[in-house]
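All remarks here apply to the structure that follows.
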Amino acid sequence: MPELPEVETTRRGIAPHLVGRTIERLVCRVPQLRWPLPEETIPLAGQQVLVVERRAKYLLLRCSNGTLILHLGMSGHLHLVAAGTPPQAHDHVDLVFTDGSALRFNDARRFGALLWTPDDPHRHPLLVELGPEPFAAEMDGAYLYRRSRGRKGAVKPFIMDQQVVVGVGNIYASEALFRAGIDPCRPAGSIGLARYERLAAAICDVLTEAIAAGGTTIRDFTDAGGRPGYFRLQLKVYGREGEDCPACGRPIVCARLAGRSTYFCRKCQN
DNA sequence: ATAATAACCTGAGGGC
DNA sequence: TGCCCTCAGGTTATTA
(Lines give C-alpha, C1' and ligand atoms only; values in the text may rest on other atoms or scores of the structure.)
Protein backbone atom coordinates (compact mmCIF):
# COMPACT_ATOMS: atom_id res chain seq x y z
CA MET A 1 0.00 0.00 0.00
CA PRO A 2 2.35 2.74 1.06
CA GLU A 3 4.91 4.25 -1.25
CA LEU A 4 7.15 7.12 -0.21
CA PRO A 5 4.41 9.79 0.03
CA GLU A 6 2.24 7.60 2.25
CA VAL A 7 5.15 6.70 4.51
CA GLU A 8 6.18 10.36 4.74
CA THR A 9 2.60 11.34 5.51
CA THR A 10 2.57 8.76 8.28
CA ARG A 11 5.90 10.04 9.62
CA ARG A 12 4.64 13.60 9.77
CA GLY A 13 1.50 12.47 11.53
CA ILE A 14 3.16 10.44 14.26
CA ALA A 15 6.39 12.36 14.86
CA PRO A 16 4.94 15.27 16.89
CA HIS A 17 3.22 12.78 19.20
CA LEU A 18 6.25 10.54 19.69
CA VAL A 19 9.29 12.73 20.04
CA GLY A 20 10.25 13.11 23.68
CA ARG A 21 7.87 10.41 24.87
CA THR A 22 9.12 7.58 27.08
CA ILE A 23 8.32 4.00 26.12
CA GLU A 24 6.96 1.68 28.76
CA ARG A 25 6.74 -1.55 26.78
CA LEU A 26 6.01 -3.21 23.48
CA VAL A 27 2.81 -5.24 23.35
CA CYS A 28 2.71 -7.81 20.58
CA ARG A 29 -0.50 -9.71 19.92
CA VAL A 30 0.53 -11.24 16.58
CA PRO A 31 4.29 -11.61 16.17
CA GLN A 32 4.05 -13.25 12.74
CA LEU A 33 4.79 -10.32 10.47
CA ARG A 34 7.25 -10.44 7.54
CA TRP A 35 9.76 -11.62 10.09
CA PRO A 36 8.73 -12.99 13.47
CA LEU A 37 8.89 -10.14 15.95
CA PRO A 38 11.50 -10.97 18.64
CA GLU A 39 9.59 -9.03 21.26
CA GLU A 40 11.62 -10.03 24.27
CA THR A 41 14.90 -9.05 22.63
CA ILE A 42 13.86 -5.44 22.07
CA PRO A 43 14.95 -3.45 25.14
CA LEU A 44 12.50 -0.62 24.75
CA ALA A 45 11.37 -0.07 28.34
CA GLY A 46 12.42 3.31 29.66
CA GLN A 47 13.79 4.54 26.37
CA GLN A 48 12.88 7.90 24.96
CA VAL A 49 11.95 8.53 21.33
CA LEU A 50 14.43 11.11 20.08
CA VAL A 51 13.38 11.62 16.47
CA VAL A 52 11.27 9.93 13.78
CA GLU A 53 13.00 9.66 10.41
CA ARG A 54 12.16 8.10 7.06
CA ARG A 55 14.59 6.24 4.80
CA ALA A 56 13.04 4.93 1.59
CA LYS A 57 9.77 3.30 2.70
CA TYR A 58 11.11 2.59 6.18
CA LEU A 59 10.30 4.59 9.30
CA LEU A 60 13.10 4.91 11.84
CA LEU A 61 12.17 5.58 15.46
CA ARG A 62 15.46 6.74 16.90
CA CYS A 63 15.49 5.92 20.58
CA SER A 64 17.97 6.42 23.40
CA ASN A 65 19.76 3.10 22.88
CA GLY A 66 18.96 2.15 19.31
CA THR A 67 16.43 2.36 16.52
CA LEU A 68 13.11 0.71 15.84
CA ILE A 69 12.86 0.09 12.08
CA LEU A 70 9.32 -0.13 10.72
CA HIS A 71 7.99 -1.06 7.29
CA LEU A 72 4.29 -0.85 6.48
CA GLY A 73 4.34 -3.48 3.75
CA MET A 74 1.23 -3.42 1.58
CA SER A 75 -1.47 -2.85 4.18
CA GLY A 76 0.20 -1.46 7.29
CA HIS A 77 -1.11 1.54 9.20
CA LEU A 78 0.15 3.39 12.25
CA HIS A 79 -2.08 5.45 14.47
CA LEU A 80 -2.10 6.78 17.97
CA VAL A 81 -4.58 5.48 20.51
CA ALA A 82 -5.54 6.68 23.97
CA ALA A 83 -4.94 4.54 27.03
CA GLY A 84 -7.37 1.63 27.23
CA THR A 85 -8.46 1.70 23.60
CA PRO A 86 -9.44 -1.91 22.84
CA PRO A 87 -7.58 -3.50 19.92
CA GLN A 88 -9.46 -4.30 16.73
CA ALA A 89 -8.84 -6.85 14.02
CA HIS A 90 -5.21 -6.86 12.80
CA ASP A 91 -4.01 -4.50 15.54
CA HIS A 92 -0.85 -6.57 15.91
CA VAL A 93 1.53 -4.38 17.92
CA ASP A 94 1.34 -1.47 20.38
CA LEU A 95 4.26 0.72 21.39
CA VAL A 96 2.96 1.78 24.78
CA PHE A 97 4.10 5.02 26.40
CA THR A 98 4.33 5.74 30.10
CA ASP A 99 0.98 7.55 30.11
CA GLY A 100 -0.76 4.49 28.68
CA SER A 101 -1.32 5.89 25.19
CA ALA A 102 0.20 3.91 22.34
CA LEU A 103 1.39 3.87 18.77
CA ARG A 104 -0.64 1.05 17.24
CA PHE A 105 0.43 -1.01 14.23
CA ASN A 106 -2.39 -2.52 12.16
CA ASP A 107 -1.59 -4.69 9.16
CA ALA A 108 -4.14 -7.07 7.65
CA ARG A 109 -1.76 -8.75 5.22
CA ARG A 110 1.22 -8.86 7.61
CA PHE A 111 3.81 -7.97 5.00
CA GLY A 112 4.98 -5.21 7.32
CA ALA A 113 7.96 -5.48 9.63
CA LEU A 114 9.32 -4.24 12.95
CA LEU A 115 13.01 -4.62 13.65
CA TRP A 116 15.33 -3.39 16.33
CA THR A 117 18.93 -2.39 15.88
CA PRO A 118 21.27 -0.98 18.51
CA ASP A 119 23.57 0.24 15.72
CA ASP A 120 23.40 2.76 12.91
CA PRO A 121 20.17 1.77 11.13
CA HIS A 122 21.57 2.88 7.79
CA ARG A 123 24.07 0.02 8.07
CA HIS A 124 21.34 -2.52 8.71
CA PRO A 125 21.29 -5.21 5.97
CA LEU A 126 17.82 -4.10 4.84
CA LEU A 127 18.87 -0.48 4.41
CA VAL A 128 22.52 -0.57 3.44
CA GLU A 129 21.96 -1.49 -0.22
CA LEU A 130 19.23 1.07 -0.85
CA GLY A 131 19.64 3.60 -3.64
CA PRO A 132 19.49 7.36 -3.13
CA GLU A 133 16.43 9.23 -1.96
CA PRO A 134 14.53 10.69 -4.92
CA PHE A 135 15.11 14.23 -3.64
CA ALA A 136 18.85 13.79 -3.16
CA ALA A 137 21.04 15.98 -5.35
CA GLU A 138 22.81 12.92 -6.77
CA MET A 139 19.52 11.42 -8.01
CA ASP A 140 19.29 13.26 -11.31
CA GLY A 141 18.95 12.38 -14.98
CA ALA A 142 22.64 11.63 -15.36
CA TYR A 143 22.47 9.19 -12.44
CA LEU A 144 19.49 7.27 -13.88
CA TYR A 145 21.11 7.27 -17.30
CA ARG A 146 24.33 5.83 -15.91
CA ARG A 147 22.59 3.18 -13.80
CA SER A 148 20.42 2.06 -16.72
CA ARG A 149 23.25 1.34 -19.19
CA GLY A 150 23.18 -2.26 -20.30
CA ARG A 151 19.85 -3.00 -18.67
CA LYS A 152 17.44 -4.79 -20.97
CA GLY A 153 14.48 -4.87 -18.58
CA ALA A 154 11.60 -2.42 -18.85
CA VAL A 155 12.10 1.08 -17.47
CA LYS A 156 9.18 0.84 -15.06
CA PRO A 157 10.58 -2.02 -12.96
CA PHE A 158 13.92 -0.23 -13.21
CA ILE A 159 12.66 2.88 -11.42
CA MET A 160 10.82 0.70 -8.90
CA ASP A 161 14.09 -1.06 -8.02
CA GLN A 162 14.91 0.21 -4.53
CA GLN A 163 18.60 -0.24 -5.23
CA VAL A 164 18.32 2.28 -8.07
CA VAL A 165 16.13 4.90 -6.40
CA VAL A 166 13.95 4.47 -3.33
CA GLY A 167 10.35 5.31 -2.67
CA VAL A 168 8.82 4.82 -6.11
CA GLY A 169 6.16 2.11 -6.03
CA ASN A 170 3.58 0.89 -8.50
CA ILE A 171 1.33 3.96 -8.50
CA TYR A 172 3.97 6.66 -8.80
CA ALA A 173 6.03 4.72 -11.34
CA SER A 174 3.13 4.82 -13.81
CA GLU A 175 2.43 8.46 -12.99
CA ALA A 176 6.04 9.61 -13.37
CA LEU A 177 6.45 7.81 -16.71
CA PHE A 178 3.27 9.41 -18.00
CA ARG A 179 4.54 12.84 -17.02
CA ALA A 180 7.86 12.16 -18.69
CA GLY A 181 6.21 10.82 -21.87
CA ILE A 182 8.09 7.51 -21.65
CA ASP A 183 6.60 4.13 -22.57
CA PRO A 184 6.93 2.01 -19.39
CA CYS A 185 7.73 -1.08 -21.49
CA ARG A 186 10.84 0.36 -23.09
CA PRO A 187 14.13 -1.24 -22.12
CA ALA A 188 15.77 0.98 -19.51
CA GLY A 189 19.07 0.86 -21.37
CA SER A 190 17.53 2.21 -24.59
CA ILE A 191 16.51 5.57 -23.13
CA GLY A 192 18.71 8.62 -23.59
CA LEU A 193 20.01 11.19 -21.12
CA ALA A 194 17.53 13.94 -22.01
CA ARG A 195 14.59 11.65 -21.33
CA TYR A 196 16.07 10.49 -18.03
CA GLU A 197 16.37 14.13 -17.04
CA ARG A 198 12.66 14.53 -17.64
CA LEU A 199 11.99 11.32 -15.73
CA ALA A 200 14.06 12.32 -12.71
CA ALA A 201 12.19 15.61 -12.54
CA ALA A 202 8.84 13.86 -12.97
CA ILE A 203 9.59 11.47 -10.11
CA CYS A 204 10.42 14.35 -7.78
CA ASP A 205 7.41 16.36 -8.89
CA VAL A 206 4.85 13.60 -8.50
CA LEU A 207 6.18 12.52 -5.11
CA THR A 208 6.26 16.11 -3.86
CA GLU A 209 2.70 16.75 -5.00
CA ALA A 210 1.51 13.48 -3.48
CA ILE A 211 3.07 14.32 -0.12
CA ALA A 212 1.35 17.71 -0.23
CA ALA A 213 -1.97 15.94 -0.78
CA GLY A 214 -1.40 13.54 2.11
CA GLY A 215 -0.67 10.54 -0.12
CA THR A 216 -2.93 8.37 -2.26
CA THR A 217 -5.79 6.32 -0.87
CA ILE A 218 -6.94 3.62 -3.29
CA ARG A 219 -8.33 1.14 -0.85
CA ASP A 220 -7.41 1.67 2.73
CA PHE A 221 -4.45 3.96 3.32
CA THR A 222 -5.01 6.42 6.16
CA ASP A 223 -2.65 8.77 7.93
CA ALA A 224 -1.95 8.67 11.64
CA GLY A 225 -5.18 10.53 12.28
CA GLY A 226 -7.25 8.04 10.28
CA ARG A 227 -7.71 10.35 7.30
CA PRO A 228 -7.32 9.28 3.67
CA GLY A 229 -4.91 10.90 1.23
CA TYR A 230 -6.32 12.94 -1.62
CA PHE A 231 -3.76 12.47 -4.38
CA ARG A 232 -5.96 9.84 -6.00
CA LEU A 233 -7.93 12.72 -7.48
CA GLN A 234 -4.76 13.89 -9.24
CA LEU A 235 -3.72 10.54 -10.68
CA LYS A 236 -3.53 10.82 -14.47
CA VAL A 237 -3.27 7.16 -15.48
CA TYR A 238 -3.04 4.78 -12.51
CA GLY A 239 -6.25 2.78 -12.14
CA ARG A 240 -7.80 4.52 -15.14
CA GLU A 241 -7.84 1.77 -17.76
CA GLY A 242 -10.32 2.66 -20.51
CA GLU A 243 -10.65 6.28 -19.45
CA ASP A 244 -9.55 9.11 -21.73
CA CYS A 245 -5.94 10.19 -21.58
CA PRO A 246 -5.98 13.67 -20.01
CA ALA A 247 -3.54 14.88 -22.69
CA CYS A 248 -4.80 13.38 -25.96
CA GLY A 249 -8.11 11.70 -25.20
CA ARG A 250 -7.17 8.22 -26.34
CA PRO A 251 -7.96 5.40 -23.92
CA ILE A 252 -5.54 4.59 -21.13
CA VAL A 253 -4.33 1.02 -21.40
CA CYS A 254 -3.15 -1.45 -18.78
CA ALA A 255 -0.28 -3.88 -19.26
CA ARG A 256 1.49 -6.23 -16.87
CA LEU A 257 5.19 -5.60 -16.26
CA ALA A 258 7.16 -7.76 -13.86
CA GLY A 259 3.85 -8.90 -12.44
CA ARG A 260 2.50 -5.42 -11.72
CA SER A 261 -0.36 -3.55 -13.39
CA THR A 262 1.02 -0.70 -15.47
CA TYR A 263 -1.10 2.13 -16.85
CA PHE A 264 -0.11 4.37 -19.74
CA CYS A 265 -1.15 6.15 -22.94
CA ARG A 266 0.03 4.57 -26.19
CA LYS A 267 0.12 7.92 -27.98
CA CYS A 268 1.67 10.21 -25.37
CA GLN A 269 4.28 7.73 -24.14
CA ASN A 270 6.91 6.21 -26.38
C1' DA B 1 24.52 -10.06 -12.97
C1' DT B 2 19.82 -9.51 -14.65
C1' DA B 3 15.07 -10.38 -14.97
C1' DA B 4 10.97 -12.85 -14.44
C1' DT B 5 8.27 -15.65 -11.21
C1' DA B 6 6.56 -17.51 -6.89
C1' DA B 7 5.79 -16.75 -2.28
C1' DC B 8 4.37 -14.46 1.83
C1' DC B 9 -1.04 -12.99 3.81
C1' DT B 10 -5.95 -11.20 4.14
C1' DG B 11 -9.89 -9.02 2.15
C1' DA B 12 -12.73 -7.10 -1.48
C1' DG B 13 -15.15 -7.58 -5.60
C1' DG B 14 -16.91 -9.87 -9.80
C1' DG B 15 -19.03 -13.81 -12.19
C1' DC B 16 -21.83 -17.65 -11.87
C1' DT C 1 -26.26 -16.55 -0.33
C1' DG C 2 -22.12 -18.96 -1.46
C1' DC C 3 -18.14 -20.37 -4.06
C1' DC C 4 -14.30 -19.60 -6.88
C1' DC C 5 -11.43 -16.66 -9.14
C1' DT C 6 -8.57 -12.44 -9.56
C1' DC C 7 -6.55 -8.55 -7.76
C1' DA C 8 -4.24 -5.22 -4.31
C1' DG C 9 0.02 0.55 -2.73
C1' DG C 10 5.94 -4.37 -1.21
C1' DT C 11 9.72 -7.15 -0.66
C1' DT C 12 12.33 -11.48 -0.58
C1' DA C 13 13.59 -16.02 -2.23
C1' DT C 14 13.86 -18.92 -6.06
C1' DT C 15 14.40 -19.97 -10.76
C1' DA C 16 16.05 -19.45 -15.57
Side-chain angles (χ1 to χ4, degrees), chain A residues 1-11 29-37 54-59 69-78 88-93 105-115 124-131 134 147-177 184-190 203 206-207 210-211 213-223 228-235 237-242 254-263:
Chain A
M1 158 181 55
E3 304 180 38
L4 185 149
E6 292 73 42
V7 178
E8 179 61 21
T9 296
T10 299
R11 188 194 69 79
R29 300 176 197 87
V30 179
Q32 289 298 326
L33 304 177
R34 169 170 288 284
W35 294 285
L37 185 63
R54 178 191 58 74
R55 168 73 174 117
K57 298 171 190 170
Y58 292 90
L59 287 167
I69 301 172
L70 267 128
H71 198 291
L72 301 178
M74 285 281 261
S75 54
H77 301 59
L78 288 172
Q88 306 196 329
H90 310 300
D91 280 344
H92 303 315
V93 183
F105 177 68
N106 176 291
D107 185 9
R109 294 179 70 182
R110 289 189 272 123
F111 292 164
L114 272 80
L115 299 146
H124 190 279
L126 288 176
L127 277 72
V128 76
E129 306 282 352
L130 292 171
R147 289 294 307 265
S148 62
R149 292 311 88 184
R151 291 189 67 145
K152 309 245 189 262
V155 63
K156 181 186 173 245
F158 170 71
I159 60 169
M160 291 175 66
D161 182 342
Q162 301 297 294
Q163 297 195 14
V164 172
V165 59
V166 302
V168 180
N170 203 38
I171 294 177
Y172 300 112
S174 281
E175 293 295 308
L177 288 161
C185 307
R186 279 196 56 175
S190 74
I203 288 170
V206 72
L207 295 178
I211 291 169
T216 298
T217 298
I218 296 292
R219 163 179 246 108
D220 58 6
F221 170 74
T222 59
D223 68 11
Y230 294 99
F231 195 71
R232 182 179 190 176
L233 303 171
Q234 298 176 58
L235 296 176
V237 291
Y238 184 86
R240 298 193 184 279
E241 182 179 17
C254 181
R256 197 154 274 275
L257 279 181
R260 312 300 298 276
S261 291
T262 304
Y263 300 88

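In what follows, chains are A, B, ... by sequence order, proteins preceding strands, each numbered from 1. The structure presented is a predicted model; accordingly, all values stated were derived computationally and were not measured.
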Report task. With C1' as the reference atom in both, quote the distance from dG9(C) to dA3(B) in angstrom, rounded to an integer. Result -> 22 Å
Query raised in the report: Using atom P of each nucleotide, how far apart are dC9(B) and dC3(C) to the nearest Å?
Result: 23 Å
Is there any protein nitrogen or oxygen under 3.5 Å from a nitrogen or oxygen in nucleotides 3-5 of chain B, and what are the pairs?
unit_1	atom_1	unit_2	atom_2	d
dA3(B)	OP1	K152(A)	N	2.7
dA3(B)	OP1	G153(A)	N	2.7
dA3(B)	OP2	R151(A)	NE	3.0
dA3(B)	OP2	R151(A)	NH2	3.1

Report task. Just say parallel, tilted or perpendicular for the rings of Y172(A) and F231(A), cut-offs at 30° and 60°. Result -> tilted
By the 4.0 Å heavy-atom rule, please label [X] as base, sugar-phosphate, or nothing.
X: R232(A); value: nothing
X: Y172(A); value: nothing
X: Q162(A); value: sugar-phosphate

Report task. Spell out, as yes or no, whether a donor-acceptor pair under 3.5 Å connects the side chain of N170(A) to the backbone of S261(A). Result -> yes
Query raised in the report: Backbone N or O of L127(A) within a donor-acceptor pair of the E129(A) side chain at under 3.5 Å?
Result: no
Requested in this report: Using only side-chain N and O atoms of S261(A), determine if any of them is under 4.0 Å from OP1 or OP2 of dA8(C).
Outcome: yes
Report task. For dG10(C), take OP1 and OP2 only and decide whether either is under 4.0 Å from a side-chain N or O of R260(A). Result -> yes
Report summary line: Assign each of R149(A) and R219(A) the nucleotide of DNA chain B bearing its closest heavy atom; nearer the 5' end lies the nucleotide of R149(A)
Report summary line: Closest to the side chain of F221(A), out of dC9(B), dG10(C), dG9(C), is dG9(C)
Report summary line: Looking only at dT12(C), dC7(C), dG9(C), the nucleotide nearest the I171(A) side chain is dG9(C)
Report task. Give a yes/no verdict on base stacking between dC8(B) and F111(A): centres under 5.5 Å, planes within less than 30° of parallel. Result -> yes
Query raised in the report: Which residues pass the side chain to side chain contact (heavy atoms under 4.5 Å, CB included) test with D91(A), sequence neighbours left out?
Result: R29(A), H79(A), P87(A), Q88(A), R104(A), N106(A)
Query raised in the report: Is DNA chain B part of any stem, that is, at least 3 consecutive Watson-Crick or G-U pairs with both distances under 3.5 Å, and where?
Result: B:2-8 with C:10-16, B:10-16 with C:2-8
Requested in this report: State, without any angle test, whether T262(A) and R256(A) hold a side-chain donor-acceptor pair at a distance under 3.5 Å.
Outcome: no
